[in-house]
Amino acid sequence: MGGIVDAQKLFDEIPDRDLVSWNSFISGFSRKGSLGLCLDAFHVMRKEFKMAPNEVTLVSIISAYTDNAALYGGRCFHGFLVKNGNLGEVKVVNALINMYGKLGMLDAAYDLFCALQMPNLVSWNSLLVVHAHRGLSVEAMNIFNSIRRDGIQPDQATMVAVLQGCTEMGITQLAQVLHGCIFKCGFAADMLVLTSLLSLYAKSGRLNVAKDVFGGINHPDRVAWTAILASYAMHGLGREAIEVFGDMVKSGVCPDHVTFTHLLSACSHAGLVSEGREYFEDMSAVYGVQPQMDHYSCMVDLLGRSGLLEDAYGLIKKMPMEPNTGVWGALLGACRIHHNIDLGKEAAENLFRLDSSDHRNYIMLSNIYSASGRWVEASKIRSLMKERHLVRNIGYSLIEHGNRVYQFLVGDQSHPDSDKIYAKLEEVIQKICEAGLVRQTEFVLHDVDEDVKVDMVNKHSEKLALAFGLLVTSNDMPITIIKNLRICGDCHSVMKLVSSIEKRTIIVRDPKRFHHFANGICSCKDYCSTLPTYVPARWAAYKYVKVITLHNSVQVAVLFIVHRASVHPVVCEDKKLV
DNA sequence: CTAGGGTTAG
């Protein structure tokens, strides 16, 4: 809409047409997210005022490309910079590293970094952050190691990024080593770093250690309080999360929208419907936080899970904004639990309308149909999925033993002791079947015989990891399994029974939360998923998972050599030992 | 130029 004219008119009102004015003008547009105006101003500045940009100008423009996810334009601009010899300034290259990293071109980011004569700490951090944000834990650790090996003193941003990068793996040993680094590098009293650390511990299954780290923070702020509250919620301790909320308010720290998201989710998973309703009312009335889309999702989830499907639906109808996929997804999930096909269909239709590229939406609807024996409809959805090339992917489970992390895929036979693992699994399953295990196979999407279904379910990666854990760990240690998918209903029942029959504590982290199994019950109060194992889209970016998808018999072990408070993870790819 | 906490369908 006449961008150049607007930009010029606006600029005419500024008295000093020097570089500083131009830069503040351009960075203003950049911050507001208007890439078009940003470029118009740049054009006018160069062509009409014959002004040469400096690094501030260029960084603002690159940021605008990044924020607008304009990869093509960004690459052209990169070419323009090369042509004009503008890449001498480290800040400009750092901005480009950030742009490529955020827009998914990690190789380009890496190449730019390597071409730098003198990378500064921000260059390193940018490279680290883009890998950490993609969940590339091993790469993030390698970058962190390089920083330490080069004798560079990491700063707050480095520490935060490496801690975030490791959360995806949820490896306790890694958290402990990084904890050591934090002390060694002088961040023992840094609230931002400690907040990330407690979050990492919580996500590695060590809620108690997370609690200790939180206890060591002087005057925790809103974010730190929210992090510990979220940790309790994630571990299924709804009542405790509510207590934390009370303590937070008592200590004079104001909750914000993120705090309420976790609080409502805690109420939902603890089945505390009336408390959740109260907090939903209070958040705007008492704390001045207006409910956003996420809070409506949480409320729909809370009401829906507890069986109040009509209330949940009523809330959706009353929402002041157009419900998004999250809200409909929460309703659909509730419909699955309570077998409400009509409402579930409406939710699924809305999901299709809003996003027909997400394979989860197909699975959910297909699942609703197959759960009620409507195989024709279920198979229609499945073929639609196939038609649209929405492929299913592989699930895996990680388990620590010694200094190694073992990864099991669905039906994995690559472990050298695979025979023993399968034998142990069979023995355990037989034992718990005798104890009355009811197999849950309704989430198998294929219309096959019951015993085939049981066979498919028996090979789930978490069951293999569990059998491995039973074989190699001592009886007094909990078995901790990290999964890339939600745990399925059958595995969930198996874990519960094994915990009571074998008298073991089993901890399973799925992408959303923890399940603590002990004495035949689970901390999630059975609000678990009952879905087949599909990899969510974001996992497709994982390099080491990709390797496995290509060669099914590759065993990946991440080996950590702990060496003077620095970690050197090495990915070993041992071919299957036949 | 990097920069803490993130739930809800899987």
Side-chain angles (χ1 to χ4, degrees), chain A residues 55-56 58-60 62-63 66 89-99 101 120-130 132-133 155-161 163-164 190-199 202 220-231 233-234 256-266 268-269 293-302 304-305 324-337 344 347-348 351 358-361 363-365 367-368 395 443 484-488 510-513 529-537 539:
Chain A
E55 85 272 5
V56 178
L58 301 176
V59 164
S60 299
I62 297 169
S63 305
T66 311
E89 187 64 47
V90 180
K91 288 181 187 179
V92 175
V93 181
N94 289 348
L96 283 172
I97 291 174
N98 182 42
M99 176 188 83
N120 61 15
L121 185 56
V122 178
S123 321
W124 280 107
N125 287 350
S126 304
L127 192 69
L128 178 58
V129 163
V130 298
H133 280 187
D155 69 359
Q156 193 184 53
T158 319
M159 297 312 295
V160 166
L163 289 164
Q164 285 178 336
D190 186 312
M191 179 144 50
L192 271 73
V193 174
L194 292 180
T195 304
S196 304
L197 178 70
L198 87 82
S199 226
D221 66 0
R222 180 166 60 194
V223 178
W225 276 108
T226 304
I228 193 70
L229 191 154
S231 303
M234 189 192 306
D256 71 357
H257 64 109
V258 183
T259 318
F260 279 107
T261 308
H262 291 291
L263 185 62
L264 293 176
S265 132
S268 172
H269 285 269
M293 189 78 80
D294 299 346
H295 305 111
Y296 281 99
S297 304
C298 287
M299 283 310 287
V300 169
D301 179 61
L302 171 74
R305 267 184 212 277
N324 68 355
T325 53
V327 176
W328 288 116
L331 184 69
L332 183 51
C335 291
R336 173 181 55 70
I337 296 170
L351 281 166
D358 190 339
H359 65 271
R360 299 174 298 182
N361 300 337
I363 296 163
M364 289 302 283
L365 189 60
N367 186 50
I368 282 185
F443 45 83
N484 67 331
L485 306 164
R486 297 304 297 265
I487 184 168
C488 91
D510 68 26
K512 289 292 178 193
R513 61 187 55 256
S529 135
T530 49
L531 281 162
T533 47
Y534 287 87
V535 175
W539 289 89

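Quick note on labels: first sequence line is chain A, next is B, and so on, each numbered from 1. Only a predicted model underlies this, so the values are computations on that prediction, with no experimental measurement involved.
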Over how many whole Å does the gap from Lys91(A) atom NZ to dC1(B) atom P extend?
8 Å
Tell me the interatomic distance from Met293(A), atom CE, to dG6(B), atom C1', rounded to whole angstroms.
16 Å
Rounded to whole Å, CG of Asp301(A) lies from P of dG6(B) at a distance of 18 Å
d(His262(A) NE2, His257(A) NE2) to nearest 0.5 Å is 10.0 Å
Closest to the Val122(A) side chain: dT8(B), dG5(B), dT2(B)?
dT2(B)
Short side-chain N/O contact from Arg486(A) to OP1 or OP2 of dA9(B), under 4.0 Å:
yes
When you check the phosphate oxygens OP1 and OP2 of dG6(B), does a side-chain N or O of Ser199(A) lie under 4.0 Å from one of them?
yes
Only counting residues at least two apart or in another chain, list the ones meeting ring-ring contact (aromatic ring centres under 6.0 Å, His included) with Tyr296(A).
Phe280(A)
OP1 or OP2 of dG5(B) under 4.0 Å from side-chain N/O of Gln164(A):
yes
Taking atom C1' of dA9(B) as reference, at what distance in whole Å does atom CG of Leu485(A) sit?
14 Å
Under 4.0 angstrom, heavy atoms only, what part of the nucleic acid is Asp190(A) near: base, sugar-phosphate, or nothing?
nothing
Calculate the interatomic distance between Leu229(A) atom CG and dT7(B) atom P; express it in whole Å.
12 Å
Quick one: is dG4(B) close enough that its OP1 or OP2 comes under 4.0 Å of any side-chain N or O from Arg222(A)?
no
CG of Leu128(A) versus C1' of dC1(B): gap in Å, rounded?
15 Å
Selected nucleotide, minimal atom distance to Val59(A) side chain, candidates dC1(B), dT7(B), dT2(B)
dC1(B)
How long is the span from the OG atom in Ser123(A) to the CG atom in Asn98(A), to the nearest 0.5 Å?
11.5 Å
Distance criterion of 3.5 Å, no angle test: do you see the side chain of Asp294(A) paired donor-to-acceptor with the base of dG6(B)?
yes
State which of dT8(B), dG5(B), dT2(B) makes the closest approach to the side chain of Asn98(A).
dT2(B)
Look at the side chain of Ser265(A) and the base of dT7(B), then say whether one donor and one acceptor between them are separated by less than 3.5 Å.
no
Could you give the CZ-to-P distance, from Arg513(A) to dT7(B), as a whole number of Å?
8 Å
Does a donor on one side chain and an acceptor on the other come within less than 3.5 Å for Thr259(A) and Asp256(A)?
yes
Atom NE2 of His133(A) and atom C1' of dG4(B) are separated, to the nearest Å, by 10 Å
Please identify each residue that fulfils ring-ring contact (aromatic ring centres under 6.0 Å, His included) with Trp225(A), with sequence neighbours left out.
Phe214(A)
Less than 3.5 Å between a donor and an acceptor, one on the side chain of Ser196(A) and one on the base of dG4(B), is that the case here?
no
Counting heavy atoms from C-beta on, name the nucleotide in dA9(B), dT2(B), dG4(B) closest to the side chain of Ala157(A).
dT2(B)
Report yes if a side-chain nitrogen or oxygen of His257(A) is closer than 4.0 Å to either non-bridging phosphate oxygen (OP1 or OP2) of dG5(B); otherwise report no.
no
With a 4.0 Å cut-off on heavy atoms, is Ser231(A) in touch with a base, just the backbone sugar-phosphate, or nothing at all?
nothing
Nucleotide nearest Asp155(A) when distance is taken to its side chain, options dG5(B), dT2(B), dG4(B):
dT2(B)
4.5 Å side-chain heavy-atom contact, Ser126(A) and Val122(A)
yes
Side chain of Val160(A) (C-beta onward), nearest among dG4(B), dC1(B), dA9(B):
dG4(B)
Closest to the Thr261(A) side chain, choosing from dT2(B), dT8(B), dT7(B)
dT7(B)
Please pick, from dA9(B), dG6(B), dC1(B), the nucleotide with the shortest atom-to-atom distance to any side-chain atom of Asn120(A).
dC1(B)
Side-chain atoms of Val129(A) come closest, of dG5(B), dA3(B), dC1(B), to dA3(B)
